[in-house]
2 protein chains.
Amino acid sequence: MSDKLPAYQTIKRHVLSRIQDGTWREGDAIPTEEALAREFGVSRMTVNRAIRELSDEQIVERVQGSGTFVAQQKYRATLVEIRNIADEIAARGHRHRSELQLLERTRATESLARRFGIRAGDPLFHSVVVHLENELPIQVEDRHVNPQVAPDYLSQDFTNQTPNAYLMRVAPLQGVSFEIEACTPPASVGELLQMRSGEPCLVLHRQTHSRGQVASVASLWHPASRYRFAGSF
Amino acid sequence: MSDKLPAYQTIKRHVLSRIQDGTWREGDAIPTEEALAREFGVSRMTVNRAIRELSDEQIVERVQGSGTFVAQQKYRATLVEIRNIADEIAARGHRHRSELQLLERTRATESLARRFGIRAGDPLFHSVVVHLENELPIQVEDRHVNPQVAPDYLSQDFTNQTPNAYLMRVAPLQGVSFEIEACTPPASVGELLQMRSGEPCLVLHRQTHSRGQVASVASLWHPASRYRFAGSF
DNA sequence: GAGTGGTCTAGACCACAAT
DNA sequence: TTGTGGTCTAGACCACTCC
């Protein structure tokens with residue numbers, strides 16, 4: 001075996017795999033430094049470095065005097081976080097509601113096939129959902145989903161659960177790439193968002209990866225007058 | 001004195017301040033772990049932690065067998081990086097040129113005063129620069145600068161050096177907050193960017209902090225048809 | 001008071017770079 | 001060969017949480 005890995009790396013991997021295989025879930029305590037030191041036959045300082053790095057990476061959270069716990073999954077992202085739009089609206093103290101406009105089986109166009117890494121004509125799932133904040137439309141979510149990653153996508157109830165929340169649950173997020181642009185919306189989107197004519201959209205195109213495949217390609221359209229991306233660091 | 005700071009923190013601060021005050025410049029070697037351990041009267045492991053954290057933060061770069069060196073300044077940022085627009089254009093293999101439209105001393109409006117944490121009427125510097133990629137305008141940079149942070153701002157040549165590059169050099173970046181919006185540009189901006197009427201702008205509003213103060217408040221206007229923000233993780 | 005993480009020591013051996 | 005960083009040990013004391 002490759003015994004070349006430093007001990008602290010081995011310990012990091014061990015803890016990570018326990019979290020990823022579900023043995024230790026969000027909020028669970030993981031073994032103490034002392035216990036891990038005994039288990040791996042290393043000194044406490046070595047374990048300390050391993051766990052401190054996981055803590056820096058926000059994989060675990062440490063509380064002095066109490067213990068080390070698996071952190072809540074965070075999807076830092078768009079410079080901001082990839083937050084569920086429902087949570088984002090709730091955080092503002094407003095009410096979220098979503099309307100399902102479309103949920104269908106379709107076939108990949110040339111352009112979609114390229115982005116998913118499949119062949120044109122291969123099956124894809126497609127959904128269009130409008131998200132409302134206090135009954136005012138704030139986002140049109142136009143999403144294509146890889147059936148191999150989420151085969152039950154079409155049978156979900158997307159008025160109770162956003163597509164994003166569902167995908168996060170069934171497909172562990174590995175990576176995200178995105179683009180933000182400003183553009184004039186197509187008429188159909190302008191209508192769903194009840195925009196005055198001539199108002200631009202702020203659009204986030206996002207592609208998520210899971211289990212080595214492209215899981216989902218989404219375009220999120222927002223009326224310029226009602227939405228901004230913000231962040232700091 | 002507050003002796004409460006852990007030793008490794010004290011060492012980190014010491015190294016950081018040497019870099020920020022210019023004693024150690026980009027590419028310079030900093031003292032060895034052994035030397036710092038002697039200087040601060042601590043063990044090498046403690047110095048190692050301090051410098052390793054600076055290395056994680058990309059403040060310094062370590063080369064085994066060789067030494068520790070001050071890293072090139074990188075401005076990770078907009079979800080992406082806070083890259084100098086000139087570098088960004090150069091990375092695409094294109095030619096960057098900038099035109100200085102305005103460079104003046106002005107006074108803070110109520111709204112600017114709030115953002116800078118100063119009083120309305122206090123002095124501010126103001127610049128407007130147009131950035132061109134292959135002679136096509138791609139960004140209008142409208143920037144206000146805190147004179148306390150960059151007193152020599154007005155005497156710079158901003159056709160050879162972007163305001164951003166100058167500020168990065170004289171004012172160590174501590175933090176950034178930003179907002180991205182889509183909007184219809186005011187006529188003056190639309191003209192500078194040679195936009196067709198009705199085309200929206202993609203705007204990045206950015207506020208940078210340095211030495212505990214707000215250093216700069218900038219609005220970066222981009223024609224929607226020629227610019228996107230992109231990133232991945 | 002018992003258990004946990006936060007920090008630190010004074011050594012050690014190794015891998016790698018420069019010479 | 002010498003000097004540097006990379007890693008590790010087997011202890012230690014402290015601050016904090018929980019009971």
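Comment: A:R226 does not engage A:E133 in a salt bridge, judged by the lack of any side-chain N to carboxylate O separation of less than 4.0 angstrom. A salt bridge does not link A:R52 with A:E33: every distance from a Lys NZ or Arg NE/NH1/NH2 to an Asp or Glu carboxylate oxygen is 4.0 Å or more.
The distance from atom CZ of A:R38 to atom P of D:dT9 is 15 Å, rounded to the nearest whole Å. As rounded to whole Å, 16 Å separates atom C1' of C:dC8 from atom CZ of B:F40. Straight-line distance from the CD1 atom of A:I51 to the P atom of C:dT7: 15 Å, rounded to whole Å. What separates CZ of A:F69 from P of C:dT4 is a distance of 10 Å, to the nearest Å. To the nearest angstrom, P of C:dT4 lies 18 Å from CD of A:E61. Going from atom CG of B:L36 over to atom C1' of C:dA10 covers 17 Å, rounded to whole Å.
Ring to ring, A:Y8 and A:F40 are not that close: their centroids are 6.0 angstrom or more apart.
Heavy-atom contacts from other residues, nucleotides or ligands closer than 6.0 Å to CD of A:Q207 number more than 12.
A:S219 and A:H205 are linked by a side-chain donor-acceptor pair at a separation below 3.5 angstrom, with hydrogens and angles left out of the test.
With sequence neighbours excluded, the residues that form a side-chain contact (heavy atoms from CB on, under 4.5 Å) with B:R119 are B:D122.
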Polar atoms only, N or O, under 3.5 Å: list the protein pairs with nucleotides 3-6 of chain D and their distances.
| unit_1 | atom_1 | unit_2 | atom_2 | d |
| --- | --- | --- | --- | --- |
| D:dG3 | N2 | B:G65 | O | 2.8 |
| D:dT4 | O2 | B:G65 | N | 3.2 |
| D:dG5 | OP1 | B:T68 | OG1 | 3.1 |
| D:dG5 | OP2 | B:E33 | N | 3.1 |
| D:dG6 | OP2 | B:R62 | NH1 | 2.9 |
| D:dG6 | O4' | B:Q64 | NE2 | 3.1 |
| D:dG6 | N7 | B:R44 | NH2 | 2.7 |
| D:dG6 | O6 | B:R44 | NH1 | 3.1 |

